[in-house]
Amino acid sequence: MDGAAANAHTMLSETFGFDRFRPMQEDIVTSVTDGEDTLAILPTGGGKSLCYQLPALLRPGLTVVISPLIALMRDQVRALREAGVAAGALTSGNTEDETNAVFEALHAGTLKLLYMAPERLASGGTDRLLSQAGVTLLAVDEAHCVSQWGHDFRPDYLRIGALRRMLDVPLAAFTATADSETQAEIITRLFGDTNPRTFLGGFDRPNIHLAFAAKNKPREQILGFAAARKGQSGIVYCGTRAKTETLAKALNDAGHSALAYHGGMDPDTRREVERRFQTDDGLIVVATVAFGMGIDKPDIRWVAHADMPKSIEAYYQEIGRSGRDGDPAETLTLYGADDIRFRRMQIDESLAPPERRMADHGRLNALLGLAEALGCRRKQLLGYFDEAHDACGNCDLCTTPPETFEGTEAVMKALSAILRTGESFGAGHLIDILVGATTEKVRTRGHDKLPTFGVGQDIDRRHWTAIFRQMMGHDLVRPDPERHGALRMTAIARPILKGEQAITLRKDALTALPRRPQAKAMVSEEDAPLLSALKAKRRALAEARRAPAYVIFPDRTLIEMAEKRPQTLDDMAGISGIGEKKLERYGAAFLEIITGEAAAPNHPARRKLSGRAAATIYDRLLAAQADLSRGPDGTGKPMSCSAALLAKIAALGPNAGDRLNQLLGDRLADRFGPAFAEVLAEN
Ligand code: ADP
Ligand code: ZN
């Protein structure tokens, strides 16, 4: 290892607390540190920030980072400062004091990283400011925002090219959007004539578990999925605004803390939901797709679709919001015949030109193919993005391969029913004909006289419903946009109807309610109470600093602490994610939780606490108790309260008075009384 590489490794572990680089990071860091123009395309969560933060520290002078996500910038600056790095941001979210502090540091020449919102580039003073600030590197995050054809276009990104020419410094651009047109546009607009060194990191997000389920009492399916992940941050995407509100309510009634979010809410309320989601631990947001753009929370543990997304790209982007920290994340996408009809209709009724609508149907088909897949979902998903992959072992179909059956005959019968009724009816009526049900409608139309009447009696109604859904999923039939709900046969179905081609269908999608999905626990049962105590401590510290929890430590660091149980600060330094500065700042506080007598915070008593307020108070009490478990000077005899007692205290409210000490009894009141009274008074 040469000197520069050795420095990078030292800094990786000392400042950032990581033992090793993620795939591609090291090469990118080397390229950027060497001052080469660099374009890096890494999937979300691949660790792009490190690829400019580390070079910024290894290079002399100042690195300017352009990023469109203000919340993200602020968090990163906070996290960098926690790690002892001189970083600042100039954004519209700054207070005057913050801005002044940044200017002072710039003048003093002490700043290493300056984050800037692109809007800043439009203001006259910025060029002057930067030309005198000793900038040696320009880093551009979310570089696809320069693409005029993309969804995230930011006109101010077009100014970056000129800024680079003026400063005459190397530029490093980062994005997760990999299609070749966007890439080409980034290169022309940001790099001009020079060709950057390009690193392409691939689409796979191996830590995200993929699963689909056909809708069957969808509300129960979502509640079941959430119940298995109680206390973890998650997003539920819904197709309509109204549904976000009813589902959020259902989740709250089931004891979760959930908030609704949609485009019809006023901007202040929306911002407040975004803020709470970003900072709180374990909140569920039930949202329309309006939610997500500004969200950059690394520890979202799950994403569920209560309704099917509109395309395979949308699906990839939405599930991709989970697990950015690289830790396991889980997803569940529900879909049904109604979704398929709704999405088809949406495309047909859009004002887009015909070629565009064709392409949109294609993207929807790709998603439906994924929903009805017979083998590994990841393989199929990545295949869509032209990436080859073996069976992944981390999707529902790898774990439980679907039962299939030879579906050709059933499909031929269904198609015949459709054609003999003039392609004018929806699945419900067609199934009546197939199973031979003499309904009013069947009789009045004379459909009981058709040769197809009753030919499908060997299959029950529920199974037929699933067959029709799969026929729509394979695009053999489409709802007719002119005639509400009526199914038309497509050209793809012709060879099957003629007996030239066979089709295999899934059987498992036909069974009743899927078994309740079980979440993988983050740690073993034995370590779970300690992990909860560590999280409570983290929450208390984060609240005191008014920062998101993960800025203190990411989940992964706490999990490793819970598993390895370091006994000294030296041991603590060996935990991933703990650099020198963080060790100094927080090491002792967390060590005390590990070595002191930690109570079992995930005790049923804690879970039973209804309403968020009491639960938060409970956690604060727990943190206060942990602080004092060996007395104020840390040398006393370990003491703690039972979980049931803490729950009772949490319920006391601010004017607990004597009741608190009565509950505690003399011995415990001596140690914890004043601290607990303070916690209660604050709430
Ligand atoms: P991206 O911007 O590519 O979506 P981030 O830069 O936000 O991803 O990084 C995602 C997460 O991975 C962060 O929590 C970060 O601290 C963590 N991370 C980055 N590099 C490493 C590494 N080498 N080892 C462990 N964790 C890392
Ligand atoms: Zn798989």
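All heavy atoms count here, side chains included; hydrogens, waters and symmetry mates do not. Being a predicted model, the structure only gives us computed values, none of them experimental.
Arg321 and Tyr237 form a side-chain donor-acceptor contact under 3.5 Å, judged by distance and modelled atom types alone. No hydrogens or angles considered: nothing links the side chains of Ser92 and Glu119 as a donor-acceptor pair under 3.5 Å. Between the side chains of Thr33 and Thr30, no donor N or O sits under 3.5 Å from an acceptor N or O. Side-chain atoms of Thr568 and Asp571 form a donor-acceptor pair, as typed in the model, at a separation below 3.5 Å. Judged purely by distance below 3.5 Å, without hydrogens or angles, the side chains of Thr91 and Asn94 pair a donor atom with an acceptor atom. Residues Glu82 and Tyr586 have side chains that bring a donor and an acceptor to within less than 3.5 angstrom of each other. No side-chain donor from either of Asp141 and Tyr115 sits under 3.5 Å from a side-chain acceptor of the other. Side-chain contact, Tyr550 with Gln278: a donor N or O sits under 3.5 Å from an acceptor N or O. Using a 3.5 Å distance cut-off with no hydrogens or angles, the side chains of Ser147 and Thr182 do not pair a donor with an acceptor.
In this structure, Arg539 CZ and Leu534 CG are separated by 13.0 Å, a value rounded to the nearest 0.5 Å. With rounding to the nearest 0.5 Å, the separation of CE in Met116 from CD1 in Ile160 is 9.0 Å.
Checked against the 6.0 Å centroid threshold, Phe203 and Tyr316 count as a close aromatic pair.
Salt-bridge annotation for Arg20 and Glu26: absent, with no side-chain N of the basic residue lying under 4.0 Å from a carboxylate O of the acidic one. By the 4.0 Å N-to-carboxylate-O rule, Arg197 lies too far from Asp27 to be salt-bridged with it.
When every heavy atom of Arg324 is checked against every heavy atom of Gly320, the shortest pair comes out as CG-O, 4.2 Å. Considering every non-hydrogen atom in both Ala226 and His256, the closest pair reads O-CE1, 3.3 Å. Looking at every heavy atom in both residues, Leu106 comes nearest to Leu62 through CD2-CD2, 3.6 Å. Residues Leu129 and Leu90 share a closest heavy-atom pair of CD2-CD1, 4.1 Å.
A cation-pi arrangement is present between Lys297 and Phe277 under the rule of less than 6.0 angstrom and at most 45 degrees off the ring axis.
At distances below 3.5 Å, at least one donor-acceptor pair connects side-chain atoms of Ser233 with backbone N or O atoms of Gly282.
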